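Have a look at the structure below before the remarks.
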Protein chains: 2
Amino acid sequence: MKDGLLLELFASLPPTARQEFNLDRGQTAFLQGDNTLGMYGVISGKIQLQRHTQAGVVIVIHTAHAEGSFAEASLFSDHYHCDAVALETSRIIRYDKKAINHRLATDPDFAIAITKRFAMQIQFYRRQLELIAIGNAKERVFAGLVEGMLKSDIKTFASQIGLSHEAVYRALANLVASGRIEKAGRGKYLWNGAKK
Amino acid sequence: MKDGLLLELFASLPPTARQEFNLDRGQTAFLQGDNTLGMYGVISGKIQLQRHTQAGVVIVIHTAHAEGSFAEASLFSDHYHCDAVALETSRIIRYDKKAINHRLATDPDFAIAITKRFAMQIQFYRRQLELIAIGNAKERVFAGLVEGMLKSDIKTFASQIGLSHEAVYRALANLVASGRIEKAGRGKYLWNGAKK
DNA sequence: TTCTGTTTATGATTTAAATCATCTTTGAAA
DNA sequence: TTTCAAAGATGATTTAAATCATAAACAGAA
């Protein structure tokens, strides 16, 4: 999710309320049960949130990539409900819970800004879920294209929409053949109605 | 998503800021481009948000069911970016944008409460996405069980986790056979570690 | 109590996507 | 300017889930 605004939004927090960390693969930002210190942004790398059930079953809650964020809900609870594990070498930034809550309660502009950002994330995830729910590679690829999700390479696009890259290539070829989209160069596709 | 708290959260808004509507199948709460009046809660029925692109392509953004909400992001924009169409006879409630924004800016408790609710929704959708990403019926069903998503009937459960009900029945039988879960009656299953 | 509809459940068949394999194109580094 | 790695692209094969079909269990209405 595009999160460039996260840094911007939290830039106004006092410097003491922002702390950066490097994590090696396997290291954790926090563990289930730890006292909550704040929410996090991912500068680079990949952080996975995992919950452990009584019987030792591990459930993946979320995987946050560069520019993403995680543990927002921890702002409103005393303990983290999951582990945050680095899947690869990562750089993350923690935004202090108390500072955020204080700003939230005293700065209307900040309250509105953070609510807006959260609302937009909700919107994004809902779209994503509806997209994934399209049970047909061709239509899913088309919808993904229309949504503007093919920004860089097709493999990234493929994993975003939950398909193998081969399936995506085939769907794209198929859509071109049936005239619903147009090939505009290696790995570039336009649908009728997309601005050049 | 469990949204019982939405009504509670917005109960403190002045009565004039809440308005209920009935929609027949096919009727709309608003159309793309309309001036935004507020966000909505669904009391009963099913509302689908659809975006229309230049070339007339329809993209489903979200489908809100009873107890759910929609158009949160409209609180922060002037025009709706999609249509809200009733897929069946529905009763909905609109929460006035100005009233919410006013409360957000003047009532710290309200600001915190709404931010919390949004954060929890984000959490919910992320979990949902990770669940759907499990590309294997058996493991997906198991994860869904562990997540406590099998509350009433299996067909509902199946559609929530994006599988046919047959696939779910088979996965359940398979999980029972391999001893990972236990059958506790018709349509009732427990996994090791679930409280009775 | 019987009828009816729905949910649970399982078997058979089809199908679409994953996987595996191969080859081309391209761009960057040696 | 050759070499190499990665992305793009497509073909062949396998596989898992959807679909279609059927039936038992159950719940509620007549």
Side-chain angles (χ1 to χ4, degrees), chain A residues 44-46 60 65-66 88-89 128-145 148-191 194, chain B residues 44 46 60 65-66 88 128-145 148-191 194:
Chain A
S44 66
K46 210 180 285 183
V60 175
H65 302 81
E88 55 189 58
T89 305
Q128 193 72 1
L129 273 168
E130 290 286 352
L131 187 77
I132 300 291
I134 299 174
N136 168 292
K138 193 160 110 180
E139 294 308 321
R140 191 136 116 214
V141 166
F142 183 68
L145 269 184
M149 295 177 70
L150 175 50
K151 284 175 204 120
S152 53
D153 63 311
I154 275 148
K155 285 188 176 176
T156 308
F157 177 56
S159 81
Q160 279 175 346
I161 64 175
L163 292 171
S164 67
H165 56 275
E166 294 98 326
V168 172
Y169 287 125
R170 279 183 248 274
L172 285 167
N174 199 316
L175 287 164
V176 169
S178 58
R180 292 180 56 196
I181 65 172
E182 194 187 327
K183 184 162 184 170
R186 184 183 159 88
K188 297 235 168 192
Y189 296 85
L190 301 172
W191 89 98
Chain B
S44 66
K46 210 180 285 183
V60 175
H65 302 82
E88 54 190 57
Q128 193 73 0
L129 273 168
E130 290 286 352
L131 187 77
I132 299 291
I134 300 173
N136 168 293
K138 194 160 111 182
E139 295 307 321
R140 191 135 117 216
V141 166
F142 183 68
L145 268 183
M149 294 177 71
L150 175 50
K151 284 176 204 119
S152 54
D153 64 311
I154 274 147
K155 285 187 175 176
T156 308
F157 177 55
S159 81
Q160 278 176 346
I161 65 176
L163 292 170
S164 67
H165 57 275
E166 294 98 326
V168 171
Y169 287 125
R170 280 183 247 274
L172 285 168
N174 199 317
L175 286 164
V176 169
S178 59
R180 292 179 56 198
I181 65 171
E182 194 188 328
K183 184 163 183 169
R186 181 184 160 87
K188 295 235 169 192
Y189 295 85
L190 300 171
W191 87 99

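Just so it is clear: chains get the letters A, B, ... in the order the sequence lines come, proteins before strands, and each one is counted from 1. No hydrogens, no waters, no symmetry mates; every other heavy atom, side chains included, goes into these values. Remember, predicted model here, so these are calculated numbers, not experimental data.
With sequence neighbours left out, Ser164(B) forms a side-chain hydrogen bond (donor to acceptor under 3.5 Å, both in side chains) with no residue at all. In terms of the salt bridge (Lys or Arg N to Asp or Glu O under 4.0 Å) criterion, Arg186(A) has no residue partners (sequence neighbours excluded).
Regarding contacts with the backbone of dT10(D), every side-chain N or O of Tyr169(A) stays at 4.0 angstrom or more from both OP1 and OP2.
Separating the CD1 atom of Ile154(A) from the C1' atom of dA6(D) is a distance of 13 Å, rounded to the nearest angstrom. Spacing between atom CG of Asp153(B) and atom P of dT7(C) amounts to 6 Å, rounded to whole angstrom units. With rounding to whole Å, Asn174(A) atom CG is found 13 Å from dT10(D) atom C1'. Leu172(B) has its CG atom 13 Å from the C1' atom of dT10(C), to the nearest Å.
Taking both residues in full, the closest heavy atoms of Ala143(A) and Ile134(A) are given as CB-CD1, 3.7 Å, listed atom of the first, atom of the second, then distance. The two residues Leu131(B) and Gly144(B) have their closest heavy-atom pair at CD1-N, 3.6 Å.
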Taking distance alone, no hydrogens or angles, what donor-acceptor pairs closer than 3.5 Å link side-chain atoms of residues 168-177 of chain B to residues at least two apart or in another chain?
unit_1, atom_1, unit_2, atom_2, d
Asn174(B), OD1, Lys138(B), NZ, 3.3

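With Gln160(A) contributing its side chain and Leu150(A) its backbone, the two residues share no donor-acceptor pair below 3.5 Å.
In this structure, Leu163(A) CG and Arg140(A) CZ are separated by 4.5 Å, a value rounded to the nearest 0.5 Å. Between atom CZ of residue Phe142(A) and atom CH2 of residue Trp191(A) there is a gap of 8.0 Å, rounded to the nearest 0.5 Å.
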Check nucleotides 27-29 of chain C against the protein and report each pair of N or O atoms closer than 3.5 Å, with its distance, or say if there are none.
none

Please test Gln128(A) against Gln128(B) for side chain to side chain contact (heavy atoms under 4.5 Å, CB included), starting from the C-alpha separation and ending with a verdict.
CA-CA 10 Å; Gln128(A) 193 72 1; Gln128(B) 193 73 0; over 6 Å; no
Output, in order, the C-alpha distance, side-chain angles, deciding distance and verdict of side chain to side chain contact (heavy atoms under 4.5 Å, CB included) for Tyr189(B) and Ile154(B).
CA-CA 10 Å; Tyr189(B) 295 85; Ile154(B) 274 147; 4.0 Å; yes
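Counting heavy atoms from C-beta outward, Val141(B) and Phe157(B) have side chains that approach closer than 4.5 Å.
Residue Lys183(B) is classed as a sugar-phosphate contact, given heavy-atom separations below 4.0 Å to backbone atoms only. Across all strands, Phe157(A) comes closer than 4.0 Å to no nucleic acid atom at all (heavy-atom distances).
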Nucleotide by nucleotide, 5' to 3', does protein get under 4.0 Å of the base (B), only the sugar-phosphate (S), or neither (-) in nucleotides 14-25 of chain D, counting heavy atoms?
---SSBB----B
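Defining each end axis of the helix from dT1(C)-dA30(D) to dA30(C)-dT1(D) as the rotation carrying four pairs' C1' atoms onto the next four, with five pairs an end, the two axes are found to diverge by 30° to 10 degrees.
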